Amino acid sequence: MKVAWAGSREAFQVSDRMAKLVANDPVFEKFSKPMLGRKELFKNTLRKAAYAWKLINDLRLTEEEAKWLRHYIDEPNYTDLHWEMFVPAIEGQGTKEQKKKWLPLAQTMQIIGTYAQTELGHGSNVQGLETTATFDRQTDEFVMHSPTLTSSKWWPGGMAKVATHAIVYARLIIDGLFHGVHGFIVQLRSLEDHSPLPGLTLGDIGMKFGHGTYNTMDNGVLRFDHVRIPRNQMLMRVSQVTKEGKYAQSDVPRQLLYGTMVSVRQTIVADASKALSRAVCIATRYSVVRRQFGSRNGGPETQVIDYKTQQSRLFPLLASAYAFRFVGEWLKSLYIDVKQRLEANDFSTLPETHACTAGLKALTTAATADGIEECRKLCGGHGYLISSGLPELFAFYVPACSYEGENVVMMLQVARFLVKTVSNLGYKQPVGTAAYLGRVTPLLQNNCAVQTAEDWLNPDAILEAFEARAARMVIGCGERLAMFENPEEGFAELSIDLVEASLAHCQLITVSVFIQKLNHEIPGNGVKRSLEVLCYVYALFLLHKHQGDFLATGYLTPKQASLANEQLRTLYSKVRPNAIAFVDSFNHMDHYLCSVLGRYDGNVYPKLYEAAWKDPLNDSDIVDGIQQYVQPILKQKLHYAKL
Ligand SMILES: CCCCCCCCCCCCCCCCCCCCCCCCCCC/C=C/C(=O)SCCNC(=O)CCNC(=O)[C@H](O)C(C)(C)COP(=O)(O)OP(=O)(O)OC[C@H]1O[C@@H](n2cnc3c(N)ncnc32)[C@H](O)[C@@H]1OP(=O)(O)O
Ligand SMILES: Cc1cc2nc3c(=O)[nH]c(=O)nc-3n(C[C@H](O)[C@H](O)[C@H](O)COP(=O)(O)OP(=O)(O)OC[C@H]3O[C@@H](n4cnc5c(N)ncnc54)[C@H](O)[C@@H]3O)c2cc1C
């Protein structure tokens with residue numbers, strides 16, 4: 001199962017080696033992070049990043065190994081933006097000459113970059129950005145300027161204190177004419193003494209949710225006061241500005257400007273399973289150790305994992321972790337394919353890839369953030385302790401619902417893709433993830449054939465149910481949209497239904513990828529049978545959670561929906577004996593989990609007790625402030641005492 005989770009034996013070996021490297025190195029200790037002040041926390045992260053970079057070079061780690069190293073160090077930091085956004089932006093949007101100049105500098109970290117798109121006033125609406133880049137023909141330069149307070153760049157990671165360069169998104173203006181938003185490479189700091197360059201105001205935007213997690217990152221604010229950059233620092237693969245100030249667009253579609261976001265959204269989907277599996281591992285191990293009620297004749301109480309209600313909250317999350325792992329793997333291969341096509345100027349699959357990355361980013365991050373919080377509650381009161389590992393994990397993870405495309409805004413992008421697909425049905429056969437929309441007649445006419453709970457243990461029945469639900473919701477939206485004279489007004493009016501239809505479409509993708517995985521790629525019958533159980537749990541849990549959709553679209557009868565639920569209960573009993581094996585297969589080491597509740601050895605109570613004594617308040621019996629503020633209250637005799 002470890003191999004099935006990792007993807008291959010080699011992948012398992014690489015990640016396992018890096019997990020051990022990090023766990024065994026005291027530099028990467030992280031238990032004390034929540035006790036550190038902001039400055040210490042930040043400096044500590046700088047130190048770890050420098051040490052990690054040295055390790056990567058000294059040990060000549062491959063890119064794959066370096067990624068795992070970063071993963072297990074488990075600390076958001078400036079290098080994330082450098083590697084995940086700055087470098088890909090140059091790769092995807094730079095010309096050959098620009099790549100030749102900038103990539104070697106970036107890849108050796110002689111310059112450190114960030115991605116400065118969001119502003120104080122606009123994040124989701126990229127076309128609404130206000131920063132200007134005005135071409136000056138006399139000097140062959142762009143003048144970067146922040147004309148309003150709301151045009152201040154706001155949020156870019158690593159920008160406040162570390163980055164030497166940024167890809168800045170700004171409105172291109174030539175001779176007073178606006179030519180849309182474009183990316184520009186801008187130097188922010190001196191490479192000699194790291195001071196901000198003239199004309200720039202740079203700072204940190206302040207503390208964020210949670211303590212020891214995202215505050216390791218210096219998310220920044222940046223303002224320009226007529227800062228000049230050479231013309232050749234506009235990223236010019238999509239559009240070019242000549243020395244004479246002529247604006248030209250190549251055959252490359254404008255959407256490629258958004259390409260870096262496609263790349264990172266794919267990474268975010270691949271990472272969702274890592275965060276969810278971590279929370280599920282903690283909650284499952286603890287649920288086996290924790291006992292409440294049910295003692296008979298003085299015997300042990302019941303392990304909380306044996307309560308059906310606990311199983312009904314925990315096991316769907318366990319199954320979701322596996323589902324997200326497989327859909328992440330699948331999306332990565334889709335992305336690698338589109339990347340190769342884009343390099344060869346084939347843009348045909350970009351719209352579908354955009355819809356998949358946007359929609360799956362929204363689906364997986366929302367479910368993972370909610371799932372981590374559910375795991376915290378599954379651990380009862382102890383889940384609220386920092387030492388459980390869950391509060392900090394939640395604080396670290398939850399901004400994924402907002403960054404890289406706010407989740408609802410992303411689902412609306414999927415909706416645009418689906419509406420377009422449906423309106424083209426007469427003359428263009430849909431392919432890939434939308435292929436089912438080409439079979440609307442049977443999907444709208446045939447109803448579910450399930451008659452017994454056993455009938456639900458059938459991938460074809462499940463797939464057809466998810467296809468019919470999604471098709472009926474999407475087509476229904478299409479029909480209602482057609483009644484509006486103004487399509488944009490209709491889209492806004494129906495946006496709630498459109499978001500629900502997009503979610504149904506994305507859930508269909510996750511379910512079908514899980515089923516595909518079982519059909520083709522699982523080594524070993526035992527592993528395959530166990531994963532089948534999880535696949536059914538995932539699908540039937542979604543069916544139960546969204547049974548309103550399945551019933552309202554008329555595909556299922558109430559009886560069939562309740563048979564699905566009956567089957568789900570039976571499936572929980574099949575998951576139970578393997579629950580610990582399922583979470584051990586994630587191969588999360590104690591160092592990575594950083595949780596006294598999720599320890600591999602199950603030695604929870606002594607370690608929980610021990611962790612409490614490490615709190616600085618326990619350094620002495622009488623702490624600072626007691627004598628000054630508590631003792632006087634105890635000793636005073638005021639009139640309230642008489643009441
Ligand atoms: C201490 C430890 C140290 C470790 C040290 C290690 C050392 C070094 C290690 C080296 C090793 C290397 C590896 C390191 C790896 C590190 C791993 C790190 C893992 C972390 C991964 C996660 C990173 C997360 C970081 C988070 C930071 C966050 C960043 C951000 O948030 S950036 C800002 C993001 N902003 C948004 O997403 C904005 C959202 N808005 C939009 O996208 C758009 O405005 C819109 C789409 C909503 C609307 O667009 P528009 O107004 O143009 O309108 P439309 O008409 O809707 O669209 C037009 C048209 O375009 C199509 N379209 C839209 N978007 C896209 C797209 N993206 N792609 C393609 N097409 C698109 C749309 O469909 C329309 O098409 P059409 O006209 O209909 O055809
Ligand atoms: C931790 C973190 C790190 C970040 N790092 C970076 C970075 O490195 N670089 C960078 O450039 N940015 C970064 N960002 C910014 C991030 O990309 C934006 O916050 C994100 O894109 C959301 O945009 P917004 O803040 O404008 O939200 P808004 O769009 O203002 O969202 C507010 C609400 O309005 C709703 N809404 C907005 N538009 C619509 C619509 N059309 N229809 C219906 N509802 C709508 C949303 O659903 C949401 O509920 C980061 C953010 C965070 C939290």
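Whatever order the structure lists ligands and atoms in, that order sets their numbers, starting from 1. Model, not experiment: these values are computed from the prediction. This chain uses plain numbering: 1 for the first residue, then up along the sequence.
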Tell me: protein heavy atom nearest [atom], and distance?
atom	result
atom 76 (P) of ligand 1	Lys420 NZ, 3.4 Å
atom 20 (C) of ligand 1	Asp271 OD2, 4.1 Å
atom 69 (C) of ligand 1	His354 CB, 3.6 Å
atom 56 (O) of ligand 1	Gln413 NE2, 2.9 Å
atom 8 (C) of ligand 1	Trp83 NE1, 3.5 Å
atom 24 (C) of ligand 1	Tyr403 CE1, 4.0 Å
atom 9 (C) of ligand 1	Ile56 CD1, 3.6 Å
atom 77 (O) of ligand 1	Gln255 NE2, 3.7 Å

Sub-3.5 Å N/O-N/O distance, [X] and ligand 2:
X	value
His122	no
Tyr214	no
Gly157	yes

I want to confirm something. Looking only at heavy atoms, which of [options] is nearest to [atom]?
atom	options	value
atom 53 (C) of ligand 2	Trp155, Trp154, Phe396, Tyr78	Trp155
atom 20 (C) of ligand 2	Gly123, Ser402, Ser495	Ser402
atom 1 (C) of ligand 2	Tyr169, Tyr403, Phe491	Tyr403
atom 39 (C) of ligand 2	Val409, Thr114, Ile205	Val409

Is there a donor in the side chain of [X] and an acceptor in the side chain of [Y], or the other way round, less than 3.5 Å apart?
X	Y	value
Glu406	Ser124	no
Lys208	Asn219	yes
Tyr436	His505	yes
Arg171	Thr132	no
Asp225	Thr201	no
Tyr247	Ser239	yes
Thr260	Gln93	yes

Quick one: look at [X] and ligand 1, take heavy-atom pairs under 4.0 Å, and tell me if it's side chain, backbone, both or neither.
X	answer
His71	neither
Tyr115	side chain
Thr79	side chain
Glu404	both
Lys54	neither
Leu69	neither
Arg254	side chain

* Within 45 degrees of the axis of the six-membered ring of Trp5 and under 6.0 Å from its centre: does Lys274 put its NZ or CZ there? ->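 No.
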* Measure from NZ or CZ of Arg278 to the centre of the six-membered ring of Phe586, then state whether that distance is under 6.0 Å and the direction lies within 45° of the axis. =>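 Judged by the rule (NZ or CZ under 6.0 Å from the ring centre, within 45° of its axis), Arg278 is not positioned above Phe586.
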Is there at least one protein heavy-atom neighbour under 4.0 Å from [atom]?
atom	answer
atom 30 (O) of ligand 2	no
atom 34 (O) of ligand 2	no
atom 53 (O) of ligand 1	no

* Asked: Mind checking whether Val126 has an N or O less than 3.5 Å away from an N or O of ligand 1?
  -> yes
* Asked: Closest approach of Met473 and Ala504, non-hydrogen atoms and distance?
  ->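 So the two residues come closest at SD-CB, 3.8 Å.
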* Quick one: closest heavy-atom pair of Gly490 and Leu481, and the distance? =>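 Closest approach of Gly490 to Leu481, heavy atoms only: C-CD2, 3.3 Å.
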* Structure fact -> CD (Gln413) and NZ (Lys361) are apart, to the nearest 0.5 Å, by 12.5 Å
Electrostatic pair [X]-[Y], nearest N-O below 4.0 angstrom:
X	Y	answer
Lys33	Glu75	yes
Asp218	Lys161	no
Arg376	Glu373	yes
Glu488	Arg416	yes

* To do: Assign the ring pair His71 / Tyr592 to parallel, tilted or perpendicular, where the plane angle (0 to 90°) is split at 30° and 60°.
  => tilted
* Angle class for the His182/Phe184 ring planes (parallel below 30°, perpendicular above 60°, tilted otherwise)? -> perpendicular
* Asked: Just which atoms of ligand 1 are under 4.0 Å from any heavy atom in Ala66?
  -> 11 (C)
Is [X] in contact with ligand 1, taking contact as a heavy-atom separation below 4.0 Å?
X	value
Met109	no
His82	no
Gly123	yes
Ser124	yes

* State the atoms of ligand 2, each with its element, that fall below the 4.0 Å cut-off from a heavy-atom position in Val408. => 47 (O)
